[in-house]
Protein chains: 2
Amino acid sequence: MNDDAQGAAIRVERPTKTLRELALDKVREAIINGYFRPGDRLVERDLCAQLGVSRTIVREVLRHLESEGLVANLPNKGPIVAQLNHDEAKQIYEIRAALEGMAARLCAEQNNPAIADALNKSLEDIRHSYREKDMAGVLAHTSSFYQTLFSMVDRHVAWGVVNLLTVRINHLRSMTIKTQNRDVQGPAQMARIVDAIRRGDGDGAYQAAMDHVTSASAIAQAVLSGRQPID
Amino acid sequence: MNDDAQGAAIRVERPTKTLRELALDKVREAIINGYFRPGDRLVERDLCAQLGVSRTIVREVLRHLESEGLVANLPNKGPIVAQLNHDEAKQIYEIRAALEGMAARLCAEQNNPAIADALNKSLEDIRHSYREKDMAGVLAHTSSFYQTLFSMVDRHVAWGVVNLLTVRINHLRSMTIKTQNRDVQGPAQMARIVDAIRRGDGDGAYQAAMDHVTSASAIAQAVLSGRQPID
DNA sequence: TACCATAATATGGCCTACCAAAATCATCTA
DNA sequence: TAGATGATTTTGGTAGGCCATATTATGGTA
């Protein structure tokens, strides 16, 4: 008993990430951070060499990323890094708007101050990262802001969908947050979400969340079509 | 030119579905139609034998279905058919409500009578299938109704999300459509969506689409919690 | 008989090696 | 210089094997 209890307490929290999962993370990361660029071919055997794993693993990883939408498969030519076109990006932002709006409304309807508090915490982290010019931190904490939004009302499925879609527009995100004034406007818009939630104002929270994504989408569109917005 | 045109016209309908894709469809189908039941173990080597393909393929297929949410992987035990719990089903219906509502609103805002016409066509097919007690047909045409809803406003990404989620609740859908009165209520609710779209009433279309899914969700919850069907 | 240690068995995770077909590239000839 | 020919690369797919772990018999002992 004692043994069991101690064993459980001591047990090294090893979710034994399998080699496949490690490889998956590595490749996904490589695509997200731009090591592999959109359109690049992903040659199986090259990946084997680079990752130091067998083709079995590489193939499973490629399949997985394919169903995530990060990799596209040309018939008889093989996998390439998926290219995100304009219109698709817009659609992804639109879906996020709908789902994040929904989650924000649900949060507001909970009338639980702890939610607004938790969100404010993330928001502070975001502001801090902006001040430090730590753009990776901004992205991470923004992600965690939204994760809180969904998990506080137990919407992990919706969070999964948002997360899945988000990786596909990740490079856009990293560009939008770098635009002029986004360090002020972004957090301000998110603060409006939190305020509405604290007031228990469902419609307001919904609208504020929609607005935030919509404005990010607009910036992304501008970035995609070349010119930087002055805003 | 002539050559090219003829070539394109004659070109044998590429059966280039790779073996992998065929296997994927087979297994997905087998899960959806209940050949494999939730909780069933999916033993790799058995699947190899049943599908007549190599383990490589089977593993890729399992990975793919895993990321679709149809298959779950227990650490150190291997893949099983995912089990859908109550709460998750509710979340899936909720997401569908948000996205289908969004699509319905967009359709209404197009003010294009062709959209309502196309939807009515699907609706007629649904009613016909109900009269014939062809439940598979009801599901198929309902699917096509929603596909129209999304594709008419070029929202294929959202349609993809809805589709992905829908396969996970497929067995629930086939139960909800069999409940008392659903043959009348379902089509009636969908007709309200179409009417609102025809009127160009965005809010009405949004609300009608939400209502339809919400009522399906309520029935599904009843089915899940109430009388458990004798599996 | 109850129970525990041990050996089989089953299975996932991972690897190497191989083959065929298609695409691509280089080369050589008419 | 255009076109045929051949070599190379790469994917799609197969076969089979190794190892670690988990389950299940199995059998022996108290």
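What you see below is based on every heavy atom in this structure, not just the backbone, and it leaves out hydrogens, waters and symmetry mates. As the structure is a prediction and not an experimental result, all values here were calculated from the model. Residue numbering restarts at 1 for every chain, and letters A, B, ... go by the order of the sequence lines.
When the shell of 6.0 Å around NE2 of A/H128 is examined, it contains 12 or fewer heavy atoms from other residues, nucleotides or ligands.
Distance CZ (A/R59) to C1' (D/dT10): 11 Å, rounded to an integer number of Å. Rounded to an integer number of Å, the gap from A/L74 CG to D/dT10 C1' is 13 Å. Distance CZ (A/R41) to P (C/dA23): 11 Å, rounded to an integer number of Å. Between B/L47 atom CG and D/dT14 atom P there is a gap of 14 Å when expressed in whole angstrom units. In this structure, B/E66 atom CD and C/dG12 atom P are separated by 13 Å, rounded to whole Å. Rounded to an integer number of Å, the gap from CG of B/D40 to P of C/dT11 is 14 Å. Residue A/I80 contributes atom CD1, which lies 16 Å from atom P of D/dT10 at whole-angstrom precision. In this structure, NZ of B/K77 is placed 12 Å from C1' of D/dT21, rounded to the nearest angstrom.
Not a single side chain to side chain donor-acceptor pair (under 3.5 Å) links B/N112 to another residue, sequence neighbours left out. Residues passing the ring pair (Phe, Tyr, Trp, His ring centres under 6.0 Å) test with B/Y93: none are found, sequence neighbours excluded. With sequence neighbours excluded, no residue forms a ring pair (Phe, Tyr, Trp, His ring centres under 6.0 Å) with B/Y146. The side chain to side chain contact (heavy atoms under 4.5 Å, CB included) test applied to B/V167 returns B/I32, B/L70, not counting sequence neighbours. For A/T56, there are no side chain to side chain donor-acceptor pair (under 3.5 Å) partners at least two apart in sequence or on another chain. Under the side chain to side chain donor-acceptor pair (under 3.5 Å) criterion, A/E66 pairs with A/R63, A/N73, not counting sequence neighbours. Under the side chain to side chain contact (heavy atoms under 4.5 Å, CB included) criterion, B/E94 pairs with A/M102, A/L106, A/R155, sequence neighbours left out.
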Show each protein N/O and nucleotides 5-8 of chain D N/O combination with a separation under 3.5 Å, one pair to a line.
none

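One can find a donor-acceptor pair under 3.5 Å joining the base of C/dG12 and the side-chain atoms of B/R45.
For the helix from C/dT1-D/dA30 to C/dA30-D/dT1, the end axes, each set by the C1' atoms of five terminal pairs, are bent relative to each other by 10° (nearest 10°).
Near DNA chain C, defined here as any heavy-atom distance below 4.0 Å, the residues from residues 49-58 of chain B are B/R55, listed numerically.
Counted by atom type alone, A/S129 and A/H141 present one or more donor-acceptor pairs between their side chains at under 3.5 Å.
Residues in residues 21-73 of chain B take part in no ring pair (Phe, Tyr, Trp, His ring centres under 6.0 Å) pair, two or more places apart or across chains. The list of side chain to side chain donor-acceptor pair (under 3.5 Å) pairs with a residue in residues 162-174 of chain A, not counting sequence neighbours, reads A/E88-A/R168.
For the pair A/K17/A/D25, a side-chain contact is recorded, criterion being any heavy-atom separation below 4.5 Å from C-beta on.
Contacts of A/L62 with the nucleic acid, taken as non-hydrogen atoms under 4.0 Å apart, are absent.
Closest to the side chain of A/V43, from the set C/dG13, C/dT11, D/dT10, is D/dT10.
Close to D/dT21, at under 4.0 Å from its OP1 or OP2, lies no side-chain N or O of B/N76.
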